[in-house]
Amino acid sequence: MRRVRRRQHRLRRFALLLLVAVVGVVTLALTAFDGSSTQRVSAITPAPAQRLLPAGSPQPQVIAKLGDLRLQLPISPSRVTAIGFHAAGDGSLALQPVGRQANEGLLARLGHKLFGGGAHGPAWYQISGGEGPHTSGLDVGAHAGTAVYAPVDGRVVGVTPYIVDGRKYGDRIDVQPAQDPSAVVSLTHVEALRPLVVGAAVTASQTRIATVKDLSGVEEQALARYTNDAGNHVALEVTPAAGALQ
């Protein structure tokens with residue numbers, strides 16, 4: 001009889017421990033999920049009124065890397081609506097995002113909660129679709145008309161029309177970075193400032209080179225999935241210098 005009681009006691013104890021473990025795992029999962037939801041809600045919160053006021057140049061903040069090359073945020077942080085990485089097509093080089101992926105999978109978030117290793121920095125989204133390396137295109141969201149600053153130190157090597165369906169919609173600006181002259185950083189979805197000319201020297205986060213162009217009525221803007229607006233943005237790519245300048 002005593003053996004039966006001891007066995008029942010052990011079974012009850014095991015069941016209790018199992019229940020506690022299950023509750024712990026579920027709590028971690030809900031916490032990870034809720035954290036993602038909070039980021040999502042934060043990303044789609046209506047823009048504060050100060051975004052409509054003039055802003056100075058952004059504080060230097062690296063948002064992507066490529067070897068020794070560092071890409072600085074080209075928009076004042078208070079004006080950024082979302083940041084997204086995507087495949088940009090053949091010829092564009094894969095960038096290393098800086099920050100944390102806001103839309104990573106549940107298992108990855110659970111892994112970070114349990115074992116650590118989660119990145120810190122600005123939140124960014126992985127956007128599906130396209131061809132080539134999945135982080136070769138970088139979109140920095142902002143309202144049309146927002147000031148755009150040079151993402152690198154270097155010199156302007158190209159200011160050409162940005163063509164969509166045979167029509168000009170803003171400009172493409174090519175900058176050869178002093179940090180890596182073998183590459184060219186290209187910006188599109190922008191309207192170049194008229195004084196900007198080929199050969200001009202630019203300083204990262206200091207030299208204003210363009211404004212964000214409204215392309216919402218011209219092409220589908222995938223970044224709009226993560227903002228509360230039309231998804232207008234600055235598009236950046238890095239290509240080998242020889243290919244970009246042909």
Side-chain angles (χ1 to χ4, degrees), residues 25-47 51 58-90 92-143 146 151-152 185-189 204-205 212 220-239:
V25 171
V26 171
T27 301
L28 281 175
L30 291 176
T31 301
F33 181 78
D34 288 345
S36 175
S37 299
T38 300
Q39 291 175 348
R40 171 70 172 150
V41 171
S42 175
I44 63 175
T45 300
R51 282 192 179 171
Q59 292 296 317
Q61 182 176 7
V62 176
I63 54 172
K65 302 177 183 179
L66 177 60
D68 294 331
L69 182 62
R70 301 291 185 267
L71 296 184
Q72 304 280 350
L73 190 68
I75 301 288
S76 178
S78 64
R79 303 296 191 268
V80 174
T81 56
I83 298 172
F85 286 85
H86 58 89
D90 294 337
S92 297
L93 303 175
L95 302 172
Q96 178 186 344
V98 173
R100 62 189 186 281
Q101 184 179 343
N103 61 339
E104 66 180 350
L106 176 60
L107 291 179
R109 294 198 300 275
L110 274 175
H112 295 327
K113 291 285 185 180
L114 293 171
F115 308 111
H120 300 283
W124 57 272
Y125 295 92
Q126 182 64 60
I127 301 173
S128 60
E131 298 179 355
H134 68 281
T135 58
S136 55
L138 167 59
D139 293 345
V140 180
H143 297 301
T146 301
V152 293
V185 179
S186 300
L187 300 87
T188 57
H189 292 220
S205 303
V212 176
E220 182 180 354
Q221 310 209 73
L223 199 64
R225 303 172 197 166
Y226 307 106
T227 67
N228 67 325
D229 59 12
N232 285 308
H233 59 275
V234 184
L236 297 95
E237 298 176 26
V238 179
T239 54

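Just so it is clear, the model here is predicted, and its values are computed rather than measured.
Taking A87 as the reference, nothing meets the side-chain contact (heavy atoms from CB on, under 4.5 Å) condition, with sequence neighbours excluded. Residues that satisfy the side-chain contact (heavy atoms from CB on, under 4.5 Å) test with L66, not counting sequence neighbours, are L69, L93, L95, V238. In terms of the side-chain contact (heavy atoms from CB on, under 4.5 Å) criterion, residue partners of S92 (sequence neighbours excluded) are, by chain and number, A88, S136, E237, T239. Applying the side-chain contact (heavy atoms from CB on, under 4.5 Å) criterion to H134, with sequence neighbours excluded, gives Q126.
The side-chain heavy atoms of P74 and I63, taken from C-beta on, include a pair separated by under 4.5 Å. Taking the side chain as every heavy atom from C-beta outward, V62 and Q72 approach each other to under 4.5 Å. Looking at heavy atoms from C-beta onward, T135 lies out of side-chain contact with Q96 at the 4.5 angstrom threshold.
Across T81, L223, L73, a single residue satisfies side-chain contact (heavy atoms from CB on, under 4.5 Å) together with V140, and that is L73. Of the candidates I75, V98, L138, D139, I83 forms a side-chain contact (heavy atoms from CB on, under 4.5 Å) with just one, namely L138.
Of all non-hydrogen atoms in G231 and Q221, the two that sit nearest each other are O-OE1, 3.5 Å. Taking every heavy atom of both residues into account, V212 and A142 meet most closely at CG1-O, 3.8 Å. The heavy-atom pair separating K65 from R70 by the smallest distance is CG-CD, 3.6 Å. The shortest non-hydrogen separation linking A123 to A102 is CB-CB, 4.1 Å.
Residue pairs satisfying the ring pair (Phe, Tyr, Trp, His ring centres under 6.0 Å) criterion with at least one member in residues 65-85, sequence neighbours excluded, are listed as follows: F85-W124.
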